[in-house]
Amino acid sequence: MVLLLGLSAWFITGSALAGAAGLTAAHAFNVLMPSATIRFLAIVRTGSRYVERVSSHEAALKALARIRPALFMGLTAGPPARAFSIASGEASARFIQDVDALQTLFVRRSAPWTAGAGALAALSLTAMASPPAAAVVLGGMMLSGLGSASLGRRIDPLGRRRQMAMGMFKNRLSAHQGSAAEIAAYGLQAWAITDVMRRADAHDRLKARVEVATASLALWQAGVSGLTLVGVAIAASGATLPLLAMALLAALTGLEAIATLSVAARDAGAAKEAYARIAALVPRSDAASSAHEPIVPAGLSWDGPSLVPGMRLGLQGPSGSGKTTAIERLMGLRGTSHDCPDRRARFSYAAQQVQLIDGTVRENLLIGAEDATEDDLWQALTDADLASRIAASPGGLDTPVGQDGMQLSGGERRRLTLARAYLRAAPWLVLDEPTEGLDVETEKRVSERLRQRLSRTRQGLILVSHRDTPLLLCDRVMTVARVDVAGPVRMHDQGALLAA
């Protein structure tokens, strides 16, 4: 581009002067070679611009397409403590804003090379007009670059803080969205709006500061460019008008090439923070894992009885005694073991807290087994005593459940999670309060169908419940006496105490 504009300025000015000098000078002026060169440079510029845009954006999009799945795997297959520490709003911010911010690292990767090529071309063309003019351009570029670097250091921390503020805003918005019914019931809508907007305003203030700093950067570059052009005009005043015009336009485009670095500097802070936030969740490719792990691995905080294939173990105890903690330790959902994914594959889990995606019944079931057939889905629903309800819906398996399953009743949501757990082909079925919220008759049907399913599949069962009906399915029932945050789980079995 620098060559194109510089040569164009020389050619236009030279042609004008030749025409003004008379017919003889106009005929003597060679227009073919410069015009052909200008056309060639214009074609090269168009082609190179297209290739640069396509290649850089293709690289960015391919990289981002690999980052999001890796980020999801990092959350779902990594250490549970790390996943549990990330709230849903924060996770959303990392999947969307943070990943999008990384585009700068790919798209702007060629900026230094582009700026260097533009600067070299500008210096070469201005030197043809006047070596002192080239020195002036060099000084202007250095002054522009140094000033931009200084101002860029102000933008960098602002970009980082802005990226974090977006995560805080989305996290709070998600929390209030999940508590919308309670907020409405207590008349706290105004408080919730104020609470969310406070974080939105904090993000907007940081965004405004980034824009102000960016404007200051642009103003600095414009001022340096103006002074540099004045200096070039003075230094090259002894050159011919065509060469002077070429030097001025070449200097201007060279300074613009240097200014592209400021665009990268503006987004660098956000990109660096986004990279750090994503890198903390993406698993390392060299992470070790064990493919042959005992059913209760060494070092696992499980202090109950040895688990024999096909065994049916019931856990009971007062609220807060640690029943859920015990089974989460068993499955590797608590603790710091690095081989959690392999251990978790041995268990199919229906948690006490129901979690459904905003999709259809089919989509929620396929989480348990993505390759399940329609017959498998209906069989799981039948075993959970939910098939007749879903069959009566106009959409059948494609009936939407709404956000967090709000289109279903509490008992239907729980039974849908049971059906999802039934679909997973794992040696052990772990159910935490599977009949909570169900009426007595429904509880009896669910328990009986669970018994029939266990007889058919030969799965082992670990069941947590406060209610007697489901515990009748178990061969052995233990009472959890106490669980410490980092200590052993203590269980009573017919008067015997099992402890580490």
Colleague: Search all heavy atoms of Val136 against all heavy atoms of Val232 and return the closest pair with its distance.
Modeller: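 So the minimum-distance heavy-atom pair works out to CG1-N, 3.8 Å.
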Colleague: Would one find more than 12 heavy atoms of other residues, nucleotides or ligands at under 6.0 Å from atom CZ of Arg209?
Modeller: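 No, because the 6.0 Å sphere around CZ of Arg209 holds 12 heavy atoms or fewer from other groups.
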Colleague: Quick one: pull up CG in Asp358 and CE in Met406 and give me the separation to the nearest 0.5 Å.
Modeller: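 It is 11.0 Å, given to the nearest 0.5 Å.
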Colleague: Can you measure from CD (Glu412) to CG (Leu356) and round to the nearest 0.5 angstrom?
Modeller: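 So the CD of Glu412 and the CG of Leu356 are separated by 11.0 Å.
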Colleague: Checking Thr214 side chain against Val210 main chain: does a donor-acceptor pair fall under 3.5 Å?
Modeller: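 Yes.
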Colleague: Nearest 0.5 angstrom please: Glu433 CD to Thr324 OG1, how far?
Modeller: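 Output value for this atom pair is 7.0 Å.
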Colleague: With rounding to the nearest 0.5 Å, note down the distance linking CD1 in Ile193 to NE2 in His176.
Modeller: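 If I round to the nearest 0.5 Å, the distance is 10.0 Å.
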Colleague: So, Arg198 and Asp195, do they make that salt bridge, N to O below 4.0 Å?
Modeller: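 Yes.
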Colleague: Can you name the closest pair of heavy atoms from Arg199 and Phe169 and give their distance?
Modeller: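 For Arg199 and Phe169, the tightest heavy-atom pair comes out as CB-CA, 4.0 Å.
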Colleague: Are any non-hydrogen side-chain atoms of Leu416 and Leu365 less than 4.5 angstrom apart?
Modeller: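 Yes, close enough: below the 4.5 Å cut-off.
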Colleague: Decide yes or no for Ile327 and Phe347: does some side-chain heavy atom of the first lie under 4.5 Å from some side-chain heavy atom of the second?
Modeller: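 Ile327 does not reach Phe347 side chain to side chain.
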Colleague: Over all heavy atoms of both residues, which pair between Ala251 and Val137 is shortest? Give the atoms and the distance, please.
Modeller: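 Residues Ala251 and Val137, closest heavy atoms: CB-CG2, 3.5 Å.
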Colleague: Is there a donor-acceptor contact under 3.5 Å from the side chain of Arg414 to the main chain of Gln352?
Modeller: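 Side chain of Arg414 to backbone of Gln352, a donor-acceptor pair under 3.5 Å: yes, one is there.
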Colleague: Listed by chain and number, what are the side-chain contact (heavy atoms from CB on, under 4.5 Å) partners of Glu182, not counting sequence neighbours?
Modeller: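 For Glu182 the side-chain contact (heavy atoms from CB on, under 4.5 Å) partners, ignoring immediate neighbours, are Ser179.
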Colleague: Give the minimum heavy-atom separation between Ser393 and Thr399, together with the two atoms involved.
Modeller: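 Ser393 and Thr399 have their closest heavy atoms at CB-OG1, 3.2 Å.
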Colleague: I need the minimum non-hydrogen distance between Ala235 and Ser130, along with the two atoms involved.
Modeller: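 Closest approach of Ala235 to Ser130, heavy atoms only: O-OG, 3.1 Å.
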Colleague: Are side-chain heavy atoms of Leu377 and Leu366 found at a separation under 4.5 Å?
Modeller: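 A side-chain contact under 4.5 Å exists here.
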Colleague: How long is the gap from CH2 on Trp220 to CG on Leu143, to the nearest 0.5 Å?
Modeller: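 Rounded to the nearest 0.5 Å, the CH2-CG separation comes to 4.5 Å.
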Colleague: Show, in sequence, the C-alpha distance, side-chain angles and deciding distance for Thr417 and Arg413, and conclude whether the side chain to side chain contact (heavy atoms under 4.5 Å, CB included) test is met.
Modeller: CA-CA 6 Å; Thr417 60; Arg413 291 200 297 270; 5.8 Å; no
Colleague: Could you pull out every donor-acceptor pair under 3.5 Å between side chains of residues 116-128 and any protein atom, sequence neighbours left out?
Modeller:
unit_1	atom_1	unit_2	atom_2	d
Ser124	OG	Leu120	O	2.9
Thr126	OG1	Ala122	O	2.8
Thr126	OG1	Leu123	O	3.1

Colleague: Mind checking the OG-CG spacing from Ser348 to Leu418? Nearest 0.5 Å is all I need.
Modeller: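 These two atoms lie 9.5 Å from each other.
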Colleague: For Arg172 and Val196, work out which heavy atoms get closest and say how close.
Modeller: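 Heavy-atom minimum between the residues: CG-CG2, 4.2 Å.
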Colleague: Among residues at least two apart in sequence or on other chains, which ones pass ring pair (Phe, Tyr, Trp, His ring centres under 6.0 Å) with His203?
Modeller: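 Partners of His203 under the ring pair (Phe, Tyr, Trp, His ring centres under 6.0 Å) test: none.
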Colleague: Kindly say whether Arg420 contributes a backbone atom to a donor-acceptor pair with the side chain of Arg424 at under 3.5 angstrom?
Modeller: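 Not at all, since once roles are kept as given, no pair shorter than 3.5 Å links the two residues.
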Colleague: Whether the side chain of Ser144 engages the backbone of Gln221 through a donor-acceptor N/O pair (distance < 3.5 Å, no angle test) should be reported.
Modeller: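 Not a single qualifying donor-acceptor pair exists.
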